[in-house]
2 protein chains.
Amino acid sequence: MRWSALENEACSVARTVSVIGDRWTLLILRDCFLRVRRFEDFQERLGITRPILASRLRKLVKDFVLAKVPYQERPTRYEYRLTQKGRDLYPVIMAIVHWGDIHMAGKKGRPLLHQHLACGKTFDPVMVCSGCGEPLDPRQVHVHRGPGAASPRNLPADEKKRPRLVHQR
Amino acid sequence: MRWSALENEACSVARTVSVIGDRWTLLILRDCFLRVRRFEDFQERLGITRPILASRLRKLVKDFVLAKVPYQERPTRYEYRLTQKGRDLYPVIMAIVHWGDIHMAGKKGRPLLHQHLACGKTFDPVMVCSGCGEPLDPRQVHVHRGPGAASPRNLPADEKKRPRLVHQR
DNA sequence: ACAGTGAGTTTGTTTTCAAAACCTGTCAAA
DNA sequence: TTTGACAGGTTTTGAAAACAAACTCACTGT
């Protein structure tokens, strides 16, 4: 499957992955949320090669995740800023950060701490249900076809009547 | 930067990305949360080539995100199940799904709907502050060095005293 | 005149990826 | 007893992407 073919899949994960499903893109976005905005700064902080950085920024601008805005003229220089669409990726980045903090941190502990200015506390991000506000457990969630569902190929496994083997556990 | 070098970065995003920062891996995990467990099922649903699927599953098992458990003998057949570490990726996947639902859905609407069994409602996932329970806005969050912080290279941009240009906006 | 900066592009090499075909062990039907 | 099917992979080989280093361009400041 080609990269670009993902955009047309009837799956929100596939479509999102077609935009951010690349290790450099995720690291660039991390830096965007840390207020990094300039080509040279991204390049130095990430250790990414310049051609790759240029191509990733170009793609993020094309997908309206970042906007290229001039911050000086003669010579014109640009910086890359998150759009609202880009800022909406905050839960994705925070979920990734939190998983890394819990499961991949070194002996010294987590590298960054997050403080919520609204309440003043150092916090962890928690994913909750918009209906009742309780934290989400995957086993407490059922999935149904939505209006944008396409082929049965994308249905959850238990909706496909597949002959089960006898010897299963 | 090599793929493997990411694991040793003092950044939780980089470390997480070293595990899941690959488009196929994210799509495989999506299917895991939809109760897909077998090699052939992943292969058919994703349209992924067999060698890539085998290598991704191998890596996820190595990283303790999936466990390879036999479900029959003679011949021994395995299925791939999420571990607790893997289930903890649920917020990451849900954040990705939600962003795709909001920003990348086709005209027909979102492909899947999620129902929370605890409260019965169809819901959206929301990322909130563990301290006060309010939804997170990136502009309301400040970042500080944690015990695992390494070099100043990984600090937020505004903590690095860099000479600012005169002509900035 | 010369060095420096910001934002890239070019070039040649190395790595990784992907498609198709192939392999292995077991069972079941012809 | 061959044949075929199924599950779960591995091998092989050509294409795509990433890498490092150098180069370009349009300025600015000394």
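Throughout, a chain's letter reflects where its sequence line sits, starting with A, and its residues are numbered from 1.
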Round to a whole Å and report the spacing from [atom1] of [X] to [atom2] of [N].
{"X": "B/Ile52", "N": "C/dA20", "atom1": "CD1", "atom2": "P", "answer": "13 Å"}
{"X": "B/Glu79", "N": "D/dA7", "atom1": "CD", "atom2": "P", "answer": "13 Å"}
{"X": "A/Arg38", "N": "C/dT5", "atom1": "CZ", "atom2": "C1'", "answer": "11 Å"}
{"X": "A/Arg23", "N": "D/dA17", "atom1": "CZ", "atom2": "C1'", "answer": "10 Å"}
{"X": "A/Asp22", "N": "D/dA16", "atom1": "CG", "atom2": "C1'", "answer": "14 Å"}
{"X": "B/Arg77", "N": "D/dA5", "atom1": "CZ", "atom2": "P", "answer": "16 Å"}
{"X": "B/Ile48", "N": "C/dA19", "atom1": "CD1", "atom2": "C1'", "answer": "13 Å"}
{"X": "B/Leu46", "N": "C/dA18", "atom1": "CG", "atom2": "P", "answer": "12 Å"}

Enumerate, atom names and distances included, each donor-acceptor pair closer than 3.5 Å involving a side-chain atom of residues 113-124 of chain B, sequence neighbours excluded.
| unit_1 | atom_1 | unit_2 | atom_2 | d |
| --- | --- | --- | --- | --- |
| B/Gln115 | OE1 | A/His144 | NE2 | 2.8 |
| B/Gln115 | NE2 | B/Gly120 | O | 3.1 |
| B/Asp124 | OD1 | B/Arg110 | NH1 | 2.7 |

| Transitive ILVMFWY cluster of B/Phe64, excluding itself - 4.5 Å side-chain cut-off |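 Cluster partners of B/Phe64: none, it stands alone.
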
| field | Hydrophobic cluster partners of A/Val128 (side-chain heavy atoms under 4.5 Å) | value |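 Direct or chained contacts put A/Val128 with A/Val126, B/Val126, B/Val128.
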
Which atoms of nucleotides 8-12 of chain C (N or O only) lie under 3.5 Å from a protein N or O atom, and what are those distances?
| unit_1 | atom_1 | unit_2 | atom_2 | d |
| --- | --- | --- | --- | --- |
| C/dG8 | OP1 | A/Lys68 | NZ | 3.2 |
| C/dG8 | OP2 | A/Tyr80 | OH | 2.4 |
| C/dG8 | N7 | A/Arg50 | NH1 | 2.3 |
| C/dT9 | OP2 | A/Arg58 | NH1 | 3.2 |

| message | I'd like to know if A/Lys59 pairs up with A/Asp63 as an ion pair, taking the criterion as any Lys NZ or Arg NE/NH1/NH2 lying under 4.0 Å from an Asp or Glu carboxylate oxygen. | response |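 Counted as a salt bridge, because a side-chain N and a carboxylate O are separated by less than 4.0 Å.
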
| request: Only counting residues at least two apart or in another chain, list the ones meeting salt bridge (charged side-chain N to carboxylate O under 4.0 Å, His left out) with B/Glu40. | output: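 Here the qualifying residues are B/Arg50.
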
| message | Would you say B/Arg56 places a side-chain N or O within less than 4.0 Å of OP1 or OP2 belonging to C/dC17? | response | yes

| query | Would one find a side-chain N or O of B/Trp24 under 4.0 angstrom from OP1 or OP2 of C/dC17? | reply |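 No, no such contact exists.
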
| said: Please list all pairs meeting ring-ring contact (aromatic ring centres under 6.0 Å, His included) that have one or both residues in residues 77-99 of chain A, counting only residues at least two apart or in different chains. | reply: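 Sorted result for residues 77-99 of chain A: A/Phe33-A/Tyr90, A/Trp99-A/His103.
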
